[in-house]
Each structure stands twice: as structure tokens, then as C-alpha cells.
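Everything below concerns the one structure shown next.
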Protein chains: 2
Amino acid sequence: MQSFTEENYLKIIYHLSETSNNVQTNAIAEQMQTKPASVTDMIKKLADKGFVDYIKYQGVTLTEKGKNAAIDIVRKHRLWEVFLVDKLNFKWDEVHDVAEELEHIKSVALIERLDEFLGFPKSDPHGDPIPDKNGRFAKTQFTKLIDLKIGDSGTITGVSQHSSAFLKHLEKLGLTLGKQIHINDVTDFDGSVEISVNGKQINISREVAKHILISNNGKN
Amino acid sequence: MQSFTEENYLKIIYHLSETSNNVQTNAIAEQMQTKPASVTDMIKKLADKGFVDYIKYQGVTLTEKGKNAAIDIVRKHRLWEVFLVDKLNFKWDEVHDVAEELEHIKSVALIERLDEFLGFPKSDPHGDPIPDKNGRFAKTQFTKLIDLKIGDSGTITGVSQHSSAFLKHLEKLGLTLGKQIHINDVTDFDGSVEISVNGKQINISREVAKHILISNNGKN
DNA sequence: AAAATTTTTTAGATTTACCTAAAAATAAAA
DNA sequence: TTTTATTTTTAGGTAAATCTAAAAAATTTT
């Protein structure tokens, strides 16, 4: 059984694995808000326990065991987020920190019953897929809004940033999950994007456009 | 803000305070499943932080601050128990350990919304009162079943033991909250008690009778 | 009231997850 | 291909919560 801290490391390594194959010490340190030296210590421990493969100076990759452990934590995190939003009326920008704590509660029965209570949801309030109890989930293929071309349209189905500030901003702009959008123009000067949503035209910054995920997008 | 461990100490000191005024080091050690030496260390820390009053060799008492902190944890524990039983269909003997973890989640909003979601329950699945958000709760006056006399009757409204083994045993005997009971006889030999419940006569050991709490009891 | 017992504390170590500072390895630039 | 910069690791140390063994205080027994 893993400690609270080990679980956080596994989860972060898992998320970093999604974009790069070998996860670097510095990247982990940044995410964990700790120092690289501390990361090296923990990596050795995780390697000893068989959660990661580790070659000095080469970064780490999760083993099958490590990946399963990480997916289990992600599952818990996302189920709790659904609980908070669906049952306790939290906003999507309020759930992250609390779920961050709840995800470490160790009880298989608890999570299975929670899953059932919530009606076996397939995605969390931010559009991220929820692994089932065997760790399986549909690999969703999103396009970042920033990568769409003028004339493209699609549906907002996810976000790649869970900070309260970002989500509140989206809310204010009316950019929530399920909304249909259309790309009208891209500004040369600052890369900001002119889009239609809710029958209105709005301008969003490049930074915002990078973190909005779109599906069902059709050319023109 | 207190650590996980500090919270557990406060909770245990609070519970021990209900029966004795000055809580002893050894008693805390036993409940915490640790050694007296460790307790002395922690007591000093809690005293420094103003949670307890402590005089060497004299045991501890909770300060107002300590008492409030403890009641807050008890509140969380009991609300989570209600959630587990009412919403997730846990049995009353399955909730203790999970609630023991959930009680440490730090979010005022979470607990207030959970309380509301559950309909502001006044007692938990074991009959213990749930403090409101200001820490207030009705001081219930129970009589232990063992203290009733032959001919007395009353209603089961609580238990003073939360172990799964004990609760499962009660369940099997049909001795659940709200049940009406009548004392028929007390065995001289072993102090076991002959009672009527559900229209049947059963015999319960002294040990069991000690941990069943009765209210509305009328003489004869 | 002295002796024996129990309770509590102190002293000194251990483990976990951190840290800083400095050394070593790797990658990038000149 | 050196030099420079970046990344990572090692070495040695800290704080929290625990431990064992032994000393000190309080309580109980005789």
C-alpha cells in the first residue's frame, strides 16, 4: 500500500507520461512543488517498490503496476468530482482541491458504491474520462481549440487546465462543456481567436484557446 | 491548522474526557495504539499550540480551542457515516473505518453542503448526536441496558461500541436502533440479561448489555 | 511511612519526506 | 570539440511522529 505522498507522485508521473515518454526529474519537481533532489529520493523508493522503471539521469516510466495504481487514483479523483458537482452543487471550478484530498481515501467498497450511486458516469465535470473499476476508459480524441482553422466548428468537450481562475473565466465567457462553437477569425497580432458561441461573437486569448478541447469538429 | 495525527489525538482526548476529567497518558496511548512516550511528546506539542492544558504527571484537559477542534472532527465523522449508510447503502458495522479517514478532509464548504445534502441529520447510524456547524448538539441522556432493572422497558437509541464484530452481533440478534425492549430477568450466575425484543425472548451477555444505550425507559 | 507498583517522562534512535549546497552527468552552444 | 549551461544526483541535515530503555514522579500496598 502506498503513502499519500507516493500516490501523488504516481499520479503526477502518470499525467506527465501522457505528453512525454520518459518523465524528467525537474518536471516532477515542478508539479509536486518540491525540489529535484527530493524527487530523486522518491523515485528511488518508487523504483524499489516496483512502481517505476528508473535509469539514472534518464528519467522514469511507470511499470504496469505503477500505471494501474495511478489510474486508480485518477478514477477516484474524477468520481469524487462528479459527486461534488452533481450531488453537492459545487461549481466545476471549486472541486479540484477537495477531490485532491478525497482521492486518497482507501476503500474499494467506497469507490464502487460511489460509482454506482453516481450512475457510473463516463466523464468528470471537466470532460475527462473516468476509468472503470478495471482501469479501462475510452481514449478520447480531442482537438485543442487553438489548432482549429478559420471556418471550423465543434463542441467543447473538455479542458486541459483545472485551475479555478481559468474555469471561472470560461464560465464568465459562457464557454462550458457541450457548447457549440465556430471559429470566425484568428488575429495575426496576438494569436487571439474570434469565435461564435451562444449566438454571440467573442474574442479569446491564445492562452485560453490552448486549453479548450473540442470534439465533433467539422471542417467549414 | 492541525495535522492528521494531531486531529486523531484531539478526537481521542475528547472522547476520553466524556468519562474522566483529567485524561491520562496511558489511556491516550491505548486508544491511539501507540506508546506512552509518544503520547507525552504529542501532548507537549498540543499544549504549545493551545489545544490542551497540561501539567506534568497530571494528564490533560482540552482547552476551549481544543474542544472546538475535536467537536468539528466528530461532526465530520458522523456526517460521513450518515452519508455512507443513507446514500451508499453501507451497513452500520461497515462505516467506522472509512469515516475515520473521511473525517480528516479539510473543507468547510464540503461539510456544510454534505450536511445539507443529508437533510441536516441529528444523529448518526449508531445513535450518536451530530454537532451542528457551531458545534452545538443535544446532550442525549441514555441509560445503559445493563443498568435497567427487571420489568423496565425502553427503546434502543444508541451503542457505545462501534466495532464491526459487536454491531454485526447486535444485527443478528435483531437489536437495532429504534427497537423496543423489555427486561425480563437478570441471571445471577453470569450477569447476562433476558430481554424481549421483536416479540421474542433472548439472552444477551453482560458485555453486550453494557454497550446498548436505552432511552424512553419507563419503570415497570 | 517505607516498599512495591504503576504511571509518566526523559534521553537517544529511527523513518519519511523534505531541504541546501556541491558534485557529476548530460545536453546545448560557440 | 571544447566550453557553457542545464539537469540530475549525492552528501549531509532537518522536522514530525514514532520507538526502546531507563529514570523520575505518583500511587498503592503492606
Side-chain angles (χ1 to χ4, degrees), chain A residues 1-17 19-62 66 69-70 73 100-101 103-104 106, chain B residues 1-17 19-62 66 69-70 73 100-101 103-104 106:
Chain A
M1 199 34 48
Q2 317 94 51
S3 75
F4 192 98
T5 309
E6 286 169 349
E7 289 190 351
N8 282 331
Y9 270 90
L10 289 174
K11 188 182 57 170
I12 277 165
I13 295 169
Y14 174 76
H15 286 313
L16 289 170
S17 299
T19 44
S20 68
N21 219 304
N22 267 47
V23 180
Q24 305 197 131
T25 304
N26 271 358
I28 298 171
E30 198 190 330
Q31 293 291 311
M32 283 292 297
Q33 313 215 67
T34 184
K35 296 291 141 75
S38 311
V39 174
T40 302
D41 285 348
M42 180 55 82
I43 279 172
K44 283 183 191 159
K45 199 173 143 193
L46 291 174
D48 283 349
K49 292 192 176 185
F51 289 113
V52 297
D53 288 324
Y54 168 55
I55 306 164
K56 263 193 201 176
Y57 294 100
Q58 304 293 121
V60 291
T61 52
L62 289 171
I73 299 159
E100 204 78 352
E101 290 189 58
E103 73 191 6
H104 299 290
K106 290 173 209 347
Chain B
M1 195 38 47
Q2 317 94 51
S3 75
F4 191 99
T5 309
E6 286 169 348
E7 289 190 352
N8 282 330
Y9 271 90
L10 288 174
K11 189 183 57 170
I12 277 166
I13 294 169
Y14 174 75
H15 287 311
L16 290 170
S17 298
T19 44
S20 68
N21 219 303
N22 268 46
V23 180
Q24 305 196 132
T25 304
N26 271 358
I28 299 170
E30 197 190 331
Q31 293 290 312
M32 282 293 297
Q33 313 216 67
T34 184
K35 297 290 141 74
S38 312
V39 174
T40 302
D41 286 347
M42 178 56 82
I43 279 173
K44 284 183 190 158
K45 198 173 144 192
L46 292 174
D48 284 348
K49 293 193 176 185
F51 289 113
V52 296
D53 289 322
Y54 168 55
I55 306 164
K56 263 195 204 174
Y57 295 99
Q58 303 292 121
V60 291
T61 51
L62 288 172
I73 299 159
E100 204 77 352
E101 290 190 57
E103 73 191 5
H104 299 290
K106 289 174 210 346

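Basis for what follows: all heavy atoms, side chains included, without hydrogens, waters or symmetry-related copies. Keep in mind that what you see is a predicted model, and the values were worked out from it rather than measured. Each chain gets a letter, A, B and so on, in the order its sequence line appears, and its residues count up from 1.
Side-chain N/O atoms of A:Thr40 include one lying less than 4.0 angstrom from OP1 or OP2 on D:dT9. Listed pair B:Thr34 / D:dT18 fails the phosphate criterion, with no side-chain N or O lying under 4.0 Å from OP1 or OP2. Between B:Lys35 and the phosphate of C:dT9, there is no side-chain N or O to OP1/OP2 separation shorter than 4.0 Å. Distances shorter than 4.0 Å separate some side-chain N or O of B:Thr25 from OP1 or OP2 on C:dT9.
With rounding to whole Å, A:Tyr57 atom OH is found 8 Å from C:dA23 atom C1'. One atom, CG of A:Asp41, and another, C1' of D:dT9, lie 9 Å apart when rounded to the nearest Å. Summarising the geometry, the separation between NZ on A:Lys44 and P on D:dT9 is reported as 8 Å, rounded to the nearest angstrom. In this structure, the CG atom of B:Asn26 is 13 Å from the P atom of D:dT27, given to the nearest Å. Put simply, CD1 on B:Ile55 is 22 Å from P on D:dA24, counting in whole angstrom units. Atom-to-atom, CD1 of B:Ile43 to P of D:dT18 comes out at 12 Å; the value is rounded to the nearest Å. Atom P of nucleotide D:dA26 and atom CG of B:Asn22 are separated by 14 Å, given to the nearest angstrom. If you measure from atom CD1 of B:Ile28 to atom P of D:dT18, you get 12 Å, rounded to the nearest angstrom.
Residue A:Gln24 has its side chain nearest to D:dT8 when only D:dT9, D:dC19, D:dT8 are considered. Residue B:Pro36 has its side chain nearest to C:dT8 when only D:dC19, C:dT8, D:dA26 are considered. Checking D:dT20, D:dT9, C:dC19 against the side-chain heavy atoms of A:Ser38 singles out C:dC19 as nearest.
At a threshold of 4.0 angstrom between heavy atoms, the contacts of A:Thr5 are confined to the sugar-phosphate backbone, with no base atom among them.
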With a 3.5 Å cut-off and sequence neighbours excluded, list the donor-acceptor pairs that the side chains of residues 19-26 of chain B form with protein atoms.
residue: B:Thr19; atom: OG1; partner: B:Leu16; partner atom: O; Å: 3.3
residue: B:Asn22; atom: ND2; partner: B:Gln58; partner atom: O; Å: 2.6

| message | Please evaluate residues B:Val60 and B:Phe51 with respect to the criterion side chain to side chain contact (heavy atoms under 4.5 Å, CB included), reporting the C-alpha separation (whole Å), side-chain torsions for both, the decisive distance (0.1 Å), and the verdict. | response | CA-CA 10 Å; B:Val60 291; B:Phe51 289 113; over 6 Å; no

| query | Hey, mind stepping through B:Tyr9 and B:Glu7 against side chain to side chain contact (heavy atoms under 4.5 Å, CB included) and telling me if it holds? | reply | CA-CA 5 Å; B:Tyr9 271 90; B:Glu7 289 190 352; over 6 Å; no

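A donor-acceptor contact shorter than 3.5 Å is absent between the side chain of A:Glu6 and the backbone of A:Leu46. Not one N or O on the side chain of B:Thr34 forms a donor-acceptor pair closer than 3.5 Å with the backbone of B:Glu30.
Each of A:Lys56 and A:Tyr9 lies near DNA chain C, and the nucleotide nearest A:Tyr9 is the one positioned closer to the 5' end.
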